[in-house]
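Structure, as structure tokens:
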Amino acid sequence: MPDIRIVLVEPSHPGNIGGAARAMKTMGLSSLALVNPKRFPDPQADWRAAGALDIVEKAQVYDTISAAVKDSVLVAGTSARTRHIPWPMMTSAEFAEYIHSKFKPKDCVSVLFGREDNGLTNDELNLCNRHIRIPSSDLYGSLNLAMSVQIVAYDLFCQALQVRQEDSDSETWDKPLATFAEVNDFLEHLQSVLLRVGFSDPEEPRKAEIRLRRLFGRIDMDHTEVQILRGILTHIEKGFRSESDLNDNAQKSDFG
């Protein structure tokens, strides 16, 4: 199974942190990250963790989601939120099957869980390659944070039990997959070039930017592919500088 990191974004109740840790340990997961928890460390987190206190004690705390997932090759966000621009959506079971078939054990995959009251924001969901939806009743679909972690962790564990141990027959990629930080830097570089060539509207660049982020988030680029794309953008920027130098020299020649 890939290296799964459970990321709780701004949890307000420390008991949910402990409950999530317990849910993780029963399903063989151990990597827990917290983004701006309201109360942590806290005795209630320790108490709710029961036999999973080691996971709580090793939990890493971050100021931003980007910092928490920077080394991840895939970021998935759990959400029941409807989107104006649709995003690749999977059930928790489909997600478990997908990552087991796609990624290797050393690949870090982060799963984000939002705030107890209103989940993840649209901007936070835009950072994700995939969205996970836990099927629930139309009459009442509200799930406790720790329950949500338990369901996703359970589906991951069940899928791991079904995976055959025939690694020699599986296809291996020639280069490591790009991390979140590498892809994010590329997308920021791309946006700056698109603004410079006049493709993006500087007054309202968000819609195209979000769709491009969705596009490249689906591709699962490797490290070398991202570097090639960054090289193309840099070459375009050099072309702009060369053209600017020629124009400056021409102006100087006109004025003697």
Side-chain angles (χ1 to χ4, degrees), residues 4-53 55-56 59 61-62 64-65 68-69 72 74-99 109-159 210 214 217:
I4 305 296
R5 177 179 300 151
I6 300 298
V7 183
L8 307 185
V9 179
E10 297 186 355
S12 61
H13 196 292
N16 284 326
I17 297 174
R22 186 174 183 178
M24 291 169 58
K25 190 161 187 176
T26 60
M27 297 298 140
L29 304 181
S30 60
S31 180
L32 176 62
L34 309 173
V35 179
N36 290 325
K38 188 173 182 179
R39 289 162 48 197
F40 186 82
D42 189 279
Q44 289 193 44
D46 299 344
W47 174 72
R48 282 286 304 278
L53 185 58
I55 294 179
V56 173
V61 180
Y62 299 91
T64 65
I65 292 175
V69 304
S72 303
L74 182 81
V75 181
T78 57
S79 177
R81 189 186 300 272
T82 57
R83 303 298 308 279
H84 177 66
I85 299 177
W87 222 258
M89 179 74 74
M90 298 176 169
T91 66
S92 55
E94 290 169 341
F95 174 73
E97 181 179 3
Y98 170 72
I99 66 165
V109 174
S110 288
V111 183
L112 308 186
F113 294 83
R115 304 155 189 82
E116 290 92 333
D117 54 351
N118 57 8
L120 298 167
T121 67
N122 280 338
D123 283 343
E124 290 165 346
L125 288 169
N126 288 341
L127 299 175
C128 302
N129 308 93
R130 299 290 187 277
H131 292 176
I132 301 172
R133 190 181 187 94
I134 299 173
S136 58
S137 170
D138 292 336
L139 298 177
Y140 187 67
S142 178
L143 287 170
N144 173 271
L145 174 58
M147 289 180 180
S148 298
V149 174
Q150 183 74 78
I151 291 171
V152 172
Y154 171 77
D155 282 330
L156 290 167
F157 184 73
C158 287
Q159 186 63 36
I210 290 172
R214 180 180 66 174

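In this structure, T78 and S148 have side chains that are not in contact, with every pair of non-hydrogen atoms separated by 4.5 Å or more. With a 4.5 Å cut-off on side-chain heavy atoms, R48 and P14 do not count as touching. Counting only heavy atoms from C-beta outward, the side chains of V109 and Y98 never approach each other to under 4.5 Å. Side-chain contact between L29 and V149 is absent, with no heavy-atom pair separated by less than 4.5 Å. Residues V35 and V7 form a side-chain contact, since some pair of their non-hydrogen atoms from C-beta on lies under 4.5 Å apart. Looking at heavy atoms from C-beta onward, T91 lies out of side-chain contact with D155 at the 4.5 angstrom threshold. Side-chain contact between D117 and S12 is absent, with no heavy-atom pair separated by less than 4.5 Å.
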Legend entry - Working for side-chain contact (heavy atoms from CB on, under 4.5 Å), residues M27 and Q150: CA-CA 8 Å; M27 297 298 140; Q150 183 74 78; 3.6 Å; yes

Inset, instruction - Could you walk me through whether E97 and M90 pass the side-chain contact (heavy atoms from CB on, under 4.5 Å) test, one step at a time? - result: CA-CA 10 Å; E97 181 179 3; M90 298 176 169; over 6 Å; no

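One finds the CG atom of L125 at 8.5 Å from the CD1 atom of I65 (value rounded to the nearest 0.5 Å). Note that the OG1 atom of T121 and the CG atom of N126 stand 8.0 Å from one another [nearest 0.5 Å]. A distance of 14.0 Å separates CG in N16 from CZ in R115, rounded to the nearest 0.5 Å. From K25, atom NZ reaches atom CD1 of I55 across 6.0 Å, with rounding to the nearest 0.5 Å. Note: L32 CG to L8 CG = 5.0 Å, rounded to the nearest 0.5 Å. We find the CG-OG distance between L127 and S110 to be 11.5 Å, quoted to the nearest 0.5 Å.
Contact detail for S31 and M24: the closest heavy-atom pair is O-CE, 3.3 Å. Considering all non-hydrogen atoms of both residues, R130 and L74 come closest at CG-CD1, 4.3 Å. For C128 against H131, the heavy-atom pair with the smallest separation is CB-CD2, 4.1 Å. Minimum interatomic distance between A49 and V56 (heavy atoms only, all atoms of both residues): CB-CG2, 3.6 Å. The two residues A23 and T26 come nearest to each other via the heavy atoms O-OG1, 2.8 Å. Contact between V152 and S92 at its shortest, heavy atoms only, is CG2-CB, 4.1 Å.
A salt bridge does not link K38 with E116: every distance from a Lys NZ or Arg NE/NH1/NH2 to an Asp or Glu carboxylate oxygen is 4.0 Å or more.
Shown here is Y154, whose OH atom has no more than 12 heavy atoms of other residues, nucleotides or ligands within 6.0 Å.
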